[in-house]
Protein chains: 2
Amino acid sequence: MSKCEQCIVREFSSLKALNKEELLKIADCKSSYTIKKGEPIFEEGENVNGIFCVKDGVCKLSKLSANGKDQIIKLVSKGELLGQRSMISDEPANLSAVALEDMEVCFIPKSDIMPLFNQNNAFSMNVMRAICGDLKEADDHVVDMAQKTVRQRLAETLLHLQDTFGTQEDGSLKTQLTREEIGSLIGTATESCIRLLSDFNKSGLIELKGKKIFLRDIKGLKREAE
Amino acid sequence: MSKCEQCIVREFSSLKALNKEELLKIADCKSSYTIKKGEPIFEEGENVNGIFCVKDGVCKLSKLSANGKDQIIKLVSKGELLGQRSMISDEPANLSAVALEDMEVCFIPKSDIMPLFNQNNAFSMNVMRAICGDLKEADDHVVDMAQKTVRQRLAETLLHLQDTFGTQEDGSLKTQLTREEIGSLIGTATESCIRLLSDFNKSGLIELKGKKIFLRDIKGLKREAE
DNA sequence: GCAAAAGCATGATAATTATCATAGTTTGCG
DNA sequence: CGCAAACTATGATAATTATCATGCTTTTGC
């Protein structure tokens, strides 16, 4: 079993506040998993009972709406934690987490994390700040969904994908999503998403090469996103 | 200066975990305000530096979108806290809080609240759970905005208003909002909101008497909300 | 009490977006 | 490899929603 001390998740997440001793304890009780592309880490309604550390790969957090369509709420990648909300609220997961690429994750049981909230105030505050950050993001997301057109949201989302996950060596967006997933991320029908991508392509804002998307005119995209 | 011990806010908020001594300290450093209908408690971008306890009245939390329209994210009423996220993240407020009725609020400075996170784990966990609840709500809100029609959102919102804030003695919705505010809550143009309300009125789902709204067919509304 | 402002209502029209249909393209797998 | 399944693309059309215009009603402030 590998140590948690040099794990990338520790570097980027709330866990950075843990000391050597606490990390050793956690390393002892954690379990590692490999999740294949397309497989769920956990699903909406499931009891999670712990947190997942994303060591490698990207997953989508999504929720099935009443009309049967999947709405992607957020993408989570290497270095981040999953399942904190559910664990703290002591409720079943509100969202499903599904791997978009092959992933490496660790699971730490609730019983081993919860005592830390009491023992280590810096850790506790880190988690709180992380959740507050998610909340701010979610509120902003609501405003965008309510007030922006699909076109604006697409432009914004493309920029956000590049900002957050970067590009491959050739300059195309790193995280490869299907058109359906992009549609689900911005909250629109797949066809509408495809049409707008074509539009952006024709007007030189982006370039489409098969599944690859290159952002060619960042300023223009920012203008579209308003 | 009044005591915090029997305050309604204590009863319903994270503050219920505080003990006598802690409450006395807070009572000492808090300040009380009366906020008139239409006035802000704080505004987007402002440094709040503490939390507000809502002793009476209802306010809206809203955010100005790029197109200049106000999007209402949430209504907050008697017994709840305001400004926690901003205080914890140590960031300016992400949302504005504006009174929908005359309000009574108390302000507790950050410097007096923060030490409690360290001292009182139950309080700390309460706050965390409250924010987790907000996060869940916000995620669900995103899904609704993305996947439901304006008609569905209106039906849902009317039901939610009655569930959350109840009715007046005559059975009409307690919280009186303008059509513009309802529109801003569901994320649509005022005219569209008015038209749909008229529709609901004509089909007997609701009854409009001036500004008063009576929900007449809960089942039907639930069906509309899907 | 009255004038101005704010709020409510409705029509006409345009813009946006979804849906259905069809077909070409890519991917994964036995 | 070759085929089925998944994905991408585009047209035609319908549904939803926004915008602009106008008039009426209620509220507010002096």
Side-chain angles (χ1 to χ4, degrees), chain A residues 36-39 65-71 98 100-102 144-155 157 172-173 175-203 206-213 224-226, chain B residues 36-39 65-71 98 100-102 144-155 157 172-173 175-203 206-213 224-226:
Chain A
K36 290 243 172 258
K37 179 176 174 172
E39 283 177 1
S65 74
N67 63 22
K69 281 190 192 161
D70 218 40
Q71 173 67 35
V98 174
L100 292 174
E101 326 168 334
D102 290 354
D144 276 2
M145 286 294 180
Q147 303 283 355
K148 289 194 172 178
T149 65
V150 173
R151 189 182 183 87
Q152 292 175 311
R153 298 207 298 271
L154 177 59
T157 298
S172 65
L173 289 185
T175 313
Q176 287 215 357
L177 301 168
T178 66
R179 304 290 192 259
E180 188 181 6
E181 283 166 338
I182 300 176
S184 162
L185 202 46
I186 66 181
T188 194
T190 308
E191 298 95 319
S192 302
C193 177
I194 289 173
R195 254 182 264 274
L196 283 170
L197 283 172
S198 293
D199 261 25
F200 283 2
N201 189 17
K202 276 170 202 153
S203 53
I206 65 175
E207 189 181 342
L208 300 173
K209 277 191 191 168
K211 208 173 199 171
K212 288 187 177 179
I213 299 176
E224 285 287 352
E226 211 160 2
Chain B
K36 291 243 173 258
K37 178 176 176 175
E39 282 178 1
S65 75
N67 63 23
K69 281 190 193 162
D70 218 40
Q71 174 68 33
V98 174
L100 293 175
E101 326 168 335
D102 290 354
D144 277 2
M145 285 294 180
Q147 304 282 356
K148 290 194 171 177
T149 64
V150 173
R151 188 181 183 86
Q152 292 174 312
R153 299 207 298 272
L154 177 59
T157 298
S172 66
L173 290 185
T175 313
Q176 287 215 359
L177 301 168
T178 65
R179 304 291 193 257
E180 187 181 8
E181 282 166 339
I182 299 176
S184 161
L185 201 47
I186 66 182
T188 195
T190 308
E191 297 95 321
S192 301
C193 177
I194 289 173
R195 255 182 263 274
L196 284 170
L197 283 172
S198 291
D199 262 24
F200 283 3
N201 189 16
K202 276 171 201 152
S203 52
I206 64 175
E207 188 181 342
L208 301 173
K209 276 191 193 166
K211 209 173 199 171
K212 288 187 178 180
I213 300 176
E224 285 287 352
E226 211 162 4

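Chain letters run A, B, ... following the sequence lines, proteins first and then strands; every chain starts at 1.
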*Asks:* Evaluate whether atom CD of B/Glu180 has more than 12 neighbouring non-hydrogen atoms of other residues, nucleotides or ligands under 6.0 angstrom away.
*Replies:* no

*Asks:* Nearest-Å distance, CD1 (A/Ile194) to C1' (C/dC20)?
*Replies:* 14 Å

*Asks:* Starting from C1' on C/dA23, measure out to CD on A/Glu191 and report it in whole angstrom.
*Replies:* 14 Å

*Asks:* By nearest atom, which of the nucleotides D/dC7, C/dC8, D/dA18 is closest to the B/Ala189 side chain?
*Replies:*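 Nearest to the side-chain atoms of B/Ala189, counting from C-beta on, is D/dA18.
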
*Asks:* What nucleic acid atoms does B/Lys69 come within less than 4.0 Å of, heavy atoms only: base, sugar-phosphate, or nothing?
*Replies:* sugar-phosphate

*Asks:* Considering heavy-atom distances to DNA chain D, does B/Ser192 or B/Lys37 have its closest nucleotide positioned more toward the 5' end?
*Replies:* B/Ser192

*Asks:* Within the structure provided, determine whether A/Ile182 and A/Ile213 are in side-chain contact (heavy-atom separation under 4.5 Å).
*Replies:* yes

*Asks:* How close or far is atom C1' of D/dA9 from atom CD of A/Glu180, stated in whole angstroms?
*Replies:* 15 Å

*Asks:* Between P on C/dT16 and CD on A/Glu224, what's the gap in Å once rounded to a whole number?
*Replies:* 11 Å

*Asks:* Just the rounded figure in Å: distance from C1' of C/dC8 to CG of B/Leu197.
*Replies:* 11 Å

*Asks:* Check whether any side-chain N or O of B/Thr190 sits under 4.0 Å from OP1 or OP2 of C/dG7, and answer yes or no.
*Replies:* no

*Asks:* Nearest-Å distance, CG (A/Leu177) to P (D/dC7)?
*Replies:* 12 Å

*Asks:* Checking the side chain of B/Asp102 only, and the main-chain atoms of B/Lys37 only, is there a donor and an acceptor separated by less than 3.5 Å?
*Replies:*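 Looks like yes, one N/O pair under 3.5 Å.
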
*Asks:* Return the minimal non-hydrogen interatomic distance between B/Lys148 and B/Ala225, and the atom names on each side.
*Replies:* NZ-O, 3.2 Å

*Asks:* Using only modelled atom types and a 3.5 angstrom limit, is any donor from either the side chain of A/Arg153 or the base of C/dT17 paired with an acceptor on the other?
*Replies:* no

*Asks:* May I have the distance from A/Arg195 (atom CZ) to C/dT17 (atom C1'), rounded to whole angstrom?
*Replies:* 9 Å

*Asks:* Identify which nucleotide among D/dT10, D/dT17, D/dT8 has an atom closest to any side-chain atom of A/Arg179, counting heavy atoms from C-beta outward.
*Replies:*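 The answer is D/dT8, which lies nearest to the side chain.
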
*Asks:* Contact class for A/Thr188 (heavy atom, under 4.0 Å): base, sugar-phosphate, or nothing?
*Replies:* sugar-phosphate

*Asks:* Closer to the 5' end of DNA chain C via nearest nucleotide, is it A/Lys211 or A/Gly187?
*Replies:* A/Gly187

*Asks:* Over all heavy atoms of both residues, which pair between B/Glu181 and B/Leu100 is shortest? Give the atoms and the distance, please.
*Replies:* OE2-CD2, 3.3 Å

*Asks:* When the distance from NZ of B/Lys202 to C1' of C/dT10 is rounded to whole Å, what number comes out?
*Replies:*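 Rounding to the nearest Å, NZ of B/Lys202 and C1' of C/dT10 are 8 Å apart.
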
